[in-house]
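All residue numbers in this chain count up from 1 along the given sequence. Keep in mind the model is a prediction, meaning the values are calculated, not measured.
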Amino acid sequence: MPHVKSRREQYSDATRAALLEAATRRFAERGFAGTSLEDVAADIQATRGAVYHHFGSKPALFEAVAEALESRVMREVAEAAEGARDPWSAAIAATEKFLDWCCDPVYSRVVWQEAPLALGWVRWKELEKEYSCGLIEQFIQLLIDAGEMPPLPLEPMTRITFHMLGAAGMAISEVPEQDRFRVRAEYAETIAHLLKGARR
């Protein structure tokens, strides 16, 4: 029989979700250094101990926030590709959705500006690879299988594409919000041109 959560478990889950939401808002507005666990707890009328119970530390809380954002973005990127008529259109739709998200002030600040500092460069790169490299590899394999792309070595092509998209995300996050859609358009055009160069 499926496990039915007790009222205590439901309350614990609700508290964790509320802490994640409050922390996401705080990290996006004030950054990692400018956010305290007391502030996050106070936002939902909880105690600092509640934060430690669910996450253990501020870096752990930040990593949970970053993972939740990456999970949502990669899910929407995959969904954007599902309705495409062919693998090439799917890859372009996925790229466009990713660049759209890079313009989002919360995703941009937390993942591209704060995460390298809060998590450290090595862990941040691991996180990016964990959530995006597998998806990129799937798209490239589909393009190769469909004859849209020559049978290039999969690992180098995945890594190069990963770094190309990462450069776009970082560049978009570094400009003022009013300039992001212009920079996004420039990177979308450039990435499409480079991908077409690898196309049969």
For [Y], is there any backbone N or O sitting under 3.5 Å from a side-chain donor or acceptor partner on [X]?
X      : Y      : answer
Arg180 : Ile172 : yes
Trp124 : Val111 : yes
Lys58  : Thr35  : yes
Thr95  : Ala91  : yes

Rounded to the nearest 0.5 Å, what separates atom [atom1] in [X] from atom [atom2] in [Y]?
X      : Y      : atom1 : atom2 : result
His54  : Arg16  : NE2   : CZ    : 8.0 Å
Leu194 : Tyr187 : CG    : OH    : 11.0 Å
Phe98  : Leu165 : CZ    : CG    : 5.5 Å
Asp43  : Leu19  : CG    : CG    : 9.5 Å
Glu130 : Met74  : CD    : CE    : 12.0 Å
Glu174 : Asp179 : CD    : CG    : 13.0 Å

May I ask you to test the [X]-[Y] pair for a side-chain heavy-atom distance under 4.5 Å?
X      : Y      : value
Glu76  : Asp100 : no
Tyr131 : Glu67  : yes
Leu195 : Trp88  : yes

With side chain to side chain contact (heavy atoms under 4.5 Å, CB included) as the test, would you mind laying out the steps for Arg72 and Tyr107 before giving the verdict? CA-CA 10 Å; Arg72 179 182 177 187; Tyr107 180 70; over 6 Å; no

Residue pair [X] / [Y]: nearest heavy atoms and the distance that separates them:
X      : Y      : value
Leu37  : Ser57  : CD1-C, 4.5 Å
Ala90  : Phe139 : O-CE2, 4.0 Å
Pro59  : Leu119 : O-CD2, 4.1 Å
Ala66  : Leu127 : CB-CD2, 3.8 Å
Cys102 : Ser108 : O-CB, 3.5 Å
Ala188 : Glu96  : CB-OE2, 4.1 Å

Assess whether atom CD of Glu189 is packed by more than 12 heavy atoms of other residues, nucleotides or ligands within 6.0 Å. no

Would you sort out whether His53 and Thr15 count as a side chain to side chain contact (heavy atoms under 4.5 Å, CB included), showing the intermediate values? CA-CA 11 Å; His53 171 73; Thr15 301; over 6 Å; no

Could you check Phe162 against Glu137 for side chain to side chain contact (heavy atoms under 4.5 Å, CB included), going step by step and ending with a plain yes or no? CA-CA 9 Å; Phe162 167 76; Glu137 184 177 280; over 6 Å; no

Please check if [X] and [Y] belong to a single hydrophobic cluster, counting links between Ile, Leu, Val, Met, Phe, Trp and Tyr side chain heavy atoms closer than 4.5 Å.
X      : Y      : result
Leu99  : Leu135 : yes
Val106 : Phe32  : yes
Trp112 : Trp121 : yes

Tell me, with the steps shown, if Glu126 and Arg123 meet salt bridge (Lys or Arg N to Asp or Glu O under 4.0 Å). CA-CA 5 Å; Glu126 289 174 349; Arg123 178 56 189 145; 3.4 Å; yes

After noting the C-alpha distance and the side-chain angles of Phe27 and Gln113, does the key distance pass the side chain to side chain contact (heavy atoms under 4.5 Å, CB included) rule? CA-CA 10 Å; Phe27 288 136; Gln113 292 295 307; over 6 Å; no

Which pairs would a plain distance check flag for residues 144-160, meaning a side-chain donor or acceptor within less than 3.5 Å of a matching protein atom at least two apart in sequence or in another chain?
unit_1, atom_1, unit_2, atom_2, d
Asp145, OD1, Gln141, NE2, 2.9
Glu148, OE1, Arg199, NE, 2.8
Glu148, OE1, Arg199, NH2, 3.0
Glu155, OE2, Arg159, NE, 3.0
Glu155, OE2, Arg159, NH2, 3.2
Thr158, OG1, Leu154, O, 2.8

